[in-house]
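I have placed the structure first, in the form of structure tokens, so that the comments after it can refer back to it.
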Amino acid sequence: MIETLQQRVNDDQGLVRRGRYLTTRFLLEVGNTPWLIAIFEGRIVSVTQGPFVMPSSSFALRASEQEWQKFWSRRPPPGSNDLMALIKRRALKAEGDLQIFMSHLRYFKEALAKLREGAGR
Amino acid sequence: MSARFEPITGRYMHLDLFGRPHRVYVEEAGEGTPLLCLHTAGSDGRQYRGLMNDARVTEKHRVIAFDMPWHGKSSPPSGWHDEEYQLTSAQYTTMVLEVSAALGLDKPILIGCSIGGRIALHLALEHPERFRAIIGLQAGAHVDPYYDLNFLHRADVHGGEVCGAIVSGLVGPDAPDKERWETLWHYMQGGPGVFKGDLYFYKLDGDIRGRVAQIDTRRCPLFLLSGEYDYSCTPEETLAVASSIPGCEVTIMKGLGHFPMSEDPQAFLSHLLPVLAKIAGS
């Protein structure tokens, strides 16, 4: 499912436009499974599943599979509806150079919400 | 399509606060029992547009909202450019009492959301005689910081973008898009460091956990209403405050988030109108 992120994000012209100054690579961990997601000027250019020997990324978002499943459900319950809600509950760890994450917070929130049930195109 | 005016009127009030001259924007609508409204951190009085535009409220209430200094159309005081803005409990208390007195309000009903809900608890404890009733929205006794607040005010992160994005998930899932994005727009318009300065009160200085149980609702009725989807002040936190205060009435508002009056005015009014009716009848 994570690999569909590329098309789901790139199909949203508004999201890509808002990310036009964003070029980075970040690590998304869903339980024990790591994914490297590369972004060039707002478009996702690759989504690669690990394991990796030496993954290089600007920052990482790490949560259990169960927490991501709730976040990606059609109508997430209170406390699971937003990345900041997960962070508040200490269910999501954001680590690394968070200036990139925070300066494009709306982009990352909306990009990851693309994996929500019913959010696809 | 012909132009249409809302019944809201706005004025600029000059008054001294904390020993300094201030220019404060005040708007109001309606007649009757004064209902003084306090906006959330980093936003402004436009959050109460739904109340001011609803005849069910304004036919019996004079609804008043002021933009706190530094917010909305109120200016920061002269000299602000060399200062770091930080809201304290003492300043916030003084501001509410002084603005209320300057407007000549006779025992208004106070309604405040988030930081406004927190100061409502402070006022219920320290100045109950000044109010007819107090309504705290999204009112908790304390919130621990859950992200690095410095991101809200640094030159390499756009303040408007980050403030809007930080709070976007606090809006409930059922909010109409128009009202959701209006609410977020107010956040995106905040001045540099203002949201962060308000959170100094919300997350550090304004902790009232140790004293909240001393609130005496016989001196001033207290109503707490919180949205189900608020992860900043969770329903559990509001319920904990309510259970520690005898006589406090509490409502958890299904589907709503942290900005009930602004994110979904119609849904919020279905919870607020019975409270206003109860206050009127008491």
Side-chain angles (χ1 to χ4, degrees), chain A residues 12 14-15 17-24 42 58-63 67-68 70-119, chain B residues 138 140 142-175 177 180-181 184-185 187-188 195-196 199 202-203 226-239 252-258 263:
Chain A
D12 185 336
L15 182 54
R17 177 175 51 77
R18 287 192 294 278
R20 64 196 178 280
Y21 295 110
L22 175 62
T23 294
T24 194
S58 52
F59 67 91
L61 298 178
R62 301 187 165 96
E67 289 291 349
W68 283 120
K70 278 196 282 178
F71 177 78
W72 287 322
S73 63
R74 190 175 294 270
R75 186 182 167 91
S80 295
N81 62 320
D82 189 86
L83 297 183
M84 294 309 296
L86 270 70
I87 289 173
K88 168 107 192 288
R89 290 192 296 107
R90 315 298 193 252
L92 171 65
K93 276 192 177 162
E95 294 169 329
D97 183 357
L98 296 183
Q99 190 273 344
I100 295 166
F101 176 62
M102 295 300 280
S103 62
H104 290 82
L105 185 58
R106 180 178 170 192
Y107 178 95
F108 286 109
K109 281 187 174 192
E110 292 181 356
L112 289 173
K114 290 282 178 194
L115 295 175
R116 203 160 269 167
E117 267 178 89
Chain B
Q138 318 309 130
H142 176 67
V143 175
D144 271 327
Y146 55 95
Y147 57 90
D148 180 357
L149 298 179
N150 294 311
F151 278 117
L152 299 178
H153 190 201
R154 48 187 273 181
D156 61 349
V157 177
H158 187 289
E161 296 278 9
V162 74
C163 290
I166 275 282
V167 301
S168 65
L170 290 170
V171 178
D174 303 324
D177 258 0
R180 172 192 305 275
W181 287 99
L184 297 179
W185 181 250
Y187 271 84
M188 295 172 179
F195 184 31
K196 183 187 172 201
L199 294 182
Y202 192 54
K203 299 189 175 179
S226 280
E228 177 194 24
Y229 271 82
D230 188 351
Y231 54 79
S232 172
C233 172
T234 62
E236 292 74 28
E237 283 159 342
T238 294
L239 290 168
I252 302 303
M253 301 179 286
K254 208 87 176 133
L256 288 171
H258 188 73
E263 66 181 56

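As the structure is a prediction and not an experimental result, all values here were calculated from the model. In the text below, chain A, chain B and the rest are named by the order of the sequence lines, each starting its count at 1.
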For the [atom1] atom of [X] and the [atom2] atom of [Y], what is their distance to the nearest 0.5 Å?
X: B/Leu184; Y: B/Leu170; atom1: CG; atom2: CG; answer: 9.5 Å
X: B/Thr234; Y: B/His258; atom1: OG1; atom2: NE2; answer: 11.5 Å
X: B/Glu237; Y: B/His142; atom1: CD; atom2: NE2; answer: 9.0 Å

By a 4.5 Å heavy-atom criterion (distance strictly below it), what part of [X] contacts chain B: side chain, backbone, both, or neither?
X: A/Lys88; result: both
X: A/Arg90; result: side chain
X: A/Leu98; result: both

Side chain, backbone, both or neither of B/Ile166 within contact of chain A (heavy atoms, under 4.5 Å): both
Interchain contact, B/Pro145 with chain A, by part (heavy-atom threshold 4.5 Å): backbone
B/Asp156 and A/Ser103, any side-chain heavy atoms less than 4.5 Å apart: no
Salt-bridge criterion met for B/Glu161 and A/Arg106 (N-O under 4.0 Å): no
